[in-house]
Structure formats: structure tokens, C-alpha cells
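Have a look at the structure below, then the notes.
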Amino acid sequence: MSLLSDLSERIPGRVHGPGATEYDAGRTVFAGIGEPEAVVRPHTADDVASAVGLAAAAGIPIAVRSGGHGLLPVDDGLVVDLAEFTAIEVGADGLVTVGGGARWGDVAAALAPHGLCISSGDTRDVGVGGIALGGGIGWLVRAQGLAVDALREIQLVTAAGEVLIVNETLHPETFWALRGGGGNFGVATRFTFQAMPAEGLVGGHVQFDRSDVPAVLRAWRDVMRAGPDELNSSLVLMPPFGPEMPGGPQLGVALQGSEEQLRELLAPLLELPSVLEVALVPVAYGELLEDAPPGRPPFLFVGGNGFVPELSDAALDAIATAYDREVPTMVLLRALGGAFSRVAPEATAIAHRDAEALLIVNGVLALDAAPELVAATKVGSDAAIAFTSGVYGNFAPERGDEVTASMYPPATLERLRRVKAQLDPGNVFRQNHNITPAG
Ligand SMILES: Cc1cc2nc3c(=O)[nH]c(=O)nc-3n(C[C@H](O)[C@H](O)[C@H](O)COP(=O)(O)OP(=O)(O)OC[C@H]3O[C@@H](n4cnc5c(N)ncnc54)[C@H](O)[C@@H]3O)c2cc1C
């Protein structure tokens, strides 16, 4: 019998093959459309356990879909689509349980009436699953840390088909690994987070022209170094896209405080002659989140990302050079430090806690760009990426042992591999940034 018919017998009505709408939904992620054998859309953790147990026993690879904004389409085996796991419950003590297939925009909307928020990514449509297991860098990262830092408990279906409750006391090593180790250890059907007060947020943007990018970079670094944890920001250097969109540095900012305080903190930036526009207003946390672009942009992004331990003058010069080249180049700098850096490197599997910023540098090429241009563009991005000490896996668009090794310091990777050997010795959860079992 095929996987499809075996599964259909075990959990009737929940298993979908080629031709079904649910199959197409389950195999589509932000980066593309995969070719799995089947998609299962379970309703309960027990359904998940049945599906996973059956596939794992047959050695069939299993992938998990939460919000579907992953960058790695699934080419084989079974996709467990958590589209039905979207319940969000807010407890009196600020503990919030969230289904493994919910999206961050829905979480923000459910928390708003309670005056609460959870540190997440910047985008509404992105899933709770990918962010809560992979990191979660967004508008509250300096104020509250990563999304993984807010996690208190996870319900996990393992490759053995067991349903575990995992927290600091129950299966603590698994809890450690899940906070940064991605979808390697099982299906997370439910997350419990500690939410934080969300009141008094002010945010917005400042647009600069391209006349003195190095001055903007230095002023931004100095403002963020001097600023309190409550000050969060990203600096995006946009390339020009025709005369209507000349590009230039754009600062996105959020502060738990007043507009007056924000203007004071940003003064060295606001006084620069290259400022074109300032828009700072009181906002609700949910309003800071953006809608994802519809589908993948029709460009080839050539570059990389990484955690920058120190935004030295040399690092900023390399970033300015990478931006100011013939190939249109997009740079994103997200300020870290603050609560992000007060978590010990060994407390979660995201170990690069000394980072001052996350850097993404991408040359933007046509999809059919010549290989020589792609290679030259890569070299131009690499000069800036050389100042980073490790990759943020959730923004890494390729899989492979080398990519996984670049995400973790060696001791962290070895520890993850030991947990993997315990939980998934057959490596059925491998269609991800794969951590191979130790042994
Ligand atoms: C438009 C866009 C904006 C983004 N913005 C940000 C941002 O601001 N900050 C940030 O940190 N990241 C951001 N990201 C990156 C994002 O964190 C990753 O792409 C993430 O993996 C997406 O999660 P998802 O649940 O939507 O994706 P999915 O494709 O559903 O899942 C991605 C992978 O995560 C694992 N997974 C997901 N859910 C589960 C689960 N419940 N149990 C087990 N494994 C699971 C699986 O391995 C799966 O393949 C962005 C991505 C996009 C496309």
C-alpha cells in the first residue's frame, strides 16, 4: 500500500494527494512549490501522532508547515500542515497558548484587547511555528528578546509518535534544542508564551536620500549604542528601482515611550542633512507588523546574512561599499543587544547573543542573470558578510550541512545533534536546516 492509502485508513478525511486543494496549499511555501508525496491536515495532536508514527516507521521524510513563509520547499515524503492548529488562548497571568499553525498577525490581534504582545517577526502572515522554533527577530527584540525567549512550554509530537509536554522541567534538553533548532525534533502542535505589556508604543520611519550613506550608518550605530533597550530599529538601504523609487536608507523604529523621547533619542539621525521625511506616531503593536509581499519577488537575491558582533567603522565601511555598487543592492541592519544579549549563549540554541546587529546583504539580479554576474555579486556581498560570526537560519534560503554548520557554534551543533539522536535517530524530520543525529 502507498503512504497515501495507509494514512487515509488511519486518519480518514485528513490526507490529501496531488490534485486536492489541500495538497496544493500544503506544498506551497513562500519560496516555492514542493513535490511531497502527500499532505496531511490533522485536527488533533493524536492525528499528528498517527501520521508521524506511520511515516516515521516507514522511514518516510516528514516536513511541517505552519504559516508557510519558509524558504525551503519540500521535495519528498509527507507534509504535516498545521492549518487547523490556530487556536489562541490568553491566560490571566499573561501566559498565552498558541496553535502550531497560527500566524503572528492573529496572535497580535488576539493579544491587543489585553494590552499584551509577544516578541515576533515583523510580518503578520509569517507562522508561529517557523519563528518560535527558529528565532524570531522583530520590533521588540531589544526590549524583550527573541520569540524563542518568550517560550515557556511546547507540546511536541515526536518521530516515535509520542505526544510530549516540553518545558524547563520536563525534557529540559529538548526544550533547549527546540528554541533555535527549528523543525528537527518533531511537530510542535502548541506553544505557550509569556506575553508582555504592549502599551505606550510609538513608531514609524525616517527616510534619507543617498547623499551620505556612511554618515547615516555611523549615526544609526551610535544612536542604538546609546539608546535604551526599549528602542528598537532596523535600517534598510534600498536600491533604486527607477525614477519613482530612488532608494536610500530607511530607518524603521519602535519605542516603548513617548514621541518626544523618541525624537530626543533619534536626534543625531534627525539632524542629518540627508533626512527627507520623518513620520513618528503612537502605534499598536499589531500596526507595526507588515503584510508579506504576495508571492516571491521575481528577482535573484545574491548575498547572505549573519550576526555582527561589532559594528566597527570597518564593518560599516564594508556595508556602505556593498550598497554603493553597480549591482542594485539591498541591505538590512537590525539592531540587537538589549534583552536579546542578556540571554546566556547556552540558554537556547540561538547562541550568537553577543551580536550588535543582524545584517542581510543581497545583490538584486534578474532571475536569468549570467553566472559570471552572480559570482561577482556574491563576492561583493561577501566583503560585508565577512564581519559576521554566524548565520540566522530563518533567513538562509538554501539547505545543506555547510549552511547548518554556519548557523551554530560547534559546541551548540554537537549538543543539538545529541538531542536529535535521542528524538529522531532515523532523521525523518530532515527537510529543513537539518541537524544530523550524533553517533
Ligand atoms: C515575507 C517574510 C518576512 C519575514 N520576516 C521575518 C522577520 O521579521 N523576523 C524573522 O525572524 N524572520 C522572518 N522571516 C523568516 C521566517 O522566520 C522563516 O521563513 C520561518 O521559517 C517562517 O515560518 P513559517 O511558520 O511561516 O513557515 P513554514 O514554511 O510553515 O515553516 C518553516 C519551517 O519551520 C519548521 N516548522 C514550522 N512550524 C513548525 C511546527 N509547528 N513544528 C515543527 N516544525 C515547524 C519546519 O521545518 C518548516 O519547514 C520572514 C520570512 C518571510 C518570507
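Start at 1 and go down the list; that is how both ligands and their atoms are numbered. Numbering of residues begins at 1 and proceeds along the displayed sequence.
- Nearest non-hydrogen protein atom to atom 2 (C) of ligand 1 is V126 CG2, 4.0 Å.
- Side-chain contact between R14 and P42 is absent, with no heavy-atom pair separated by less than 4.5 Å.
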Exercise. Apply side-chain contact (heavy atoms from CB on, under 4.5 Å) to T97 and L95, showing your working.
Key: CA-CA 7 Å; T97 56; L95 282 178; over 6 Å; no
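- Protein heavy atom nearest atom 17 (O) of ligand 1, with residue, atom name and distance: N394 ND2, 2.9 Å.
- Interface of D122 with ligand 1, defined as ligand atoms under 4.0 Å from a residue heavy atom, comprises 7 (C), 8 (O).
- Counting atoms of ligand 1 from 1 in the listed order, those under 4.0 Å from a heavy atom of V29 are 29 (O).
- Contacts between L82 and ligand 1, counted as non-hydrogen atom pairs separated by less than 4.0 Å, involve the side chain only.
- Listed here is the closest heavy atom pair of W104 and F193: CH2-CZ, 3.8 Å.
- Under a 4.0 Å heavy-atom criterion, G182 is not in contact with ligand 1.
- At a 4.0 Å cut-off, at least one heavy atom of I131 sits close enough to ligand 1 to count as contact.
- Heavy atoms of other residues, nucleotides or ligands lying less than 6.0 angstrom from CD of Q194 number more than 12.
- For atom 44 (N) of ligand 1, the candidate residues are A188, P397, G183, G101; the nearest heavy-atom contact is made by G183.
- Of the N or O atoms in H69, one or more lie within a sub-3.5 Å distance of an N or O in ligand 1.
- The atoms of ligand 1 that sit less than 4.0 Å from any heavy atom of G127 are 24 (P), 25 (O), 26 (O).
- At the shortest separation from atom 5 (N) of ligand 1 among protein heavy atoms lies T123 OG1, 3.4 Å.
- Judged by a 6.0 Å distance limit and a 45° cone about the ring axis, R190 is not positioned over the six-membered ring of F85.
- Closest protein heavy atom to atom 23 (O) of ligand 1: G130 CA, 3.2 Å.
- With F175 as the aromatic partner, R179 meets the cation-pi criteria of under 6.0 angstrom to the ring centre and within 45 degrees of the ring axis.
- Not one N or O of G138 is nearer than 3.5 Å to an N or O of ligand 1, by distance alone.
- Ligand 1 has an N or O atom lying under 3.5 Å from an N or O atom of G68, backbone or side chain.
- Side-chain polar atoms of R210 and Y323 form a donor-acceptor pair below 3.5 angstrom.
- Within ligand 1, the atoms closer than 4.0 Å to a non-hydrogen atom of G136 are 11 (O), numbered from 1 in the order shown.
- Counting non-hydrogen atoms of other residues, nucleotides and ligands closer than 6.0 Å to CD of E414 gives a total above 12.
- The minimum heavy-atom distance linking S119 with G145 is given by the pair OG-O, 2.7 Å.
- Every atom of ligand 1 with a heavy atom of G186 under 4.0 Å away is listed here by number and element: 42 (N), 43 (C).
- Among the atoms of G121, none of the N or O lies under 3.5 angstrom from an N or O of ligand 1.
- Distances below 4.0 Å separate heavy atoms of R65 from the following atoms of ligand 1: 30 (O).
- Residue-level proximity to ligand 1 for F395 is carried by the side chain, the only part with a heavy atom below 4.0 angstrom.
- Ligand 1 has no N or O atom lying under 3.5 Å from any N or O atom of D125, backbone or side chain.
- Of all the heavy atoms in N232 and D229, the pair that sits closest is ND2-O, 3.6 Å.
- Side-chain contact check for P345 versus D354: every heavy-atom pair is 4.5 Å or farther apart.
- If you look at N432 next to ligand 1, the close heavy atoms, those under 4.0 Å, all belong to the side chain.
- Checked against a 3.5 angstrom limit, the closest N/O atoms of V128 and ligand 1 fall outside it.
- Heavy-atom proximity to F30, at under 4.0 Å, picks out these atoms of ligand 1: 53 (C).
- Counting the atoms of ligand 1 from 1 in the order shown, those under 4.0 Å from a heavy atom of G100 are 41 (N).
- In this structure, the side chains of R334 and V141 come closer than 4.5 Å at one or more pairs of heavy atoms.
- Looking at heavy atoms from C-beta onward, V331 lies out of side-chain contact with N362 at the 4.5 angstrom threshold.
- In terms of N/O distances under 3.5 Å, ligand 1 is not approached by T189.
- Atom CG of D401 sits in a sparse spot, with 12 or fewer heavy atoms from other residues, nucleotides or ligands closer than 6.0 Å.
- With a 4.0 Å cut-off on non-hydrogen atoms, L133 touches ligand 1 through its side chain and not its backbone.
- A donor atom on one side chain and an acceptor atom on the other are found under 3.5 Å apart for S233 and W220.
- When the heavy atoms of I62, V157, V64 are ranked by distance to atom 39 (C) of ligand 1, first place goes to V64.
- Shortest contact from atom 11 (O) of ligand 1 to any protein heavy atom: Y392 OH, 2.6 Å.
- L262 is listed as a side-chain neighbour of L231, based on a closest heavy-atom distance under 4.5 Å.
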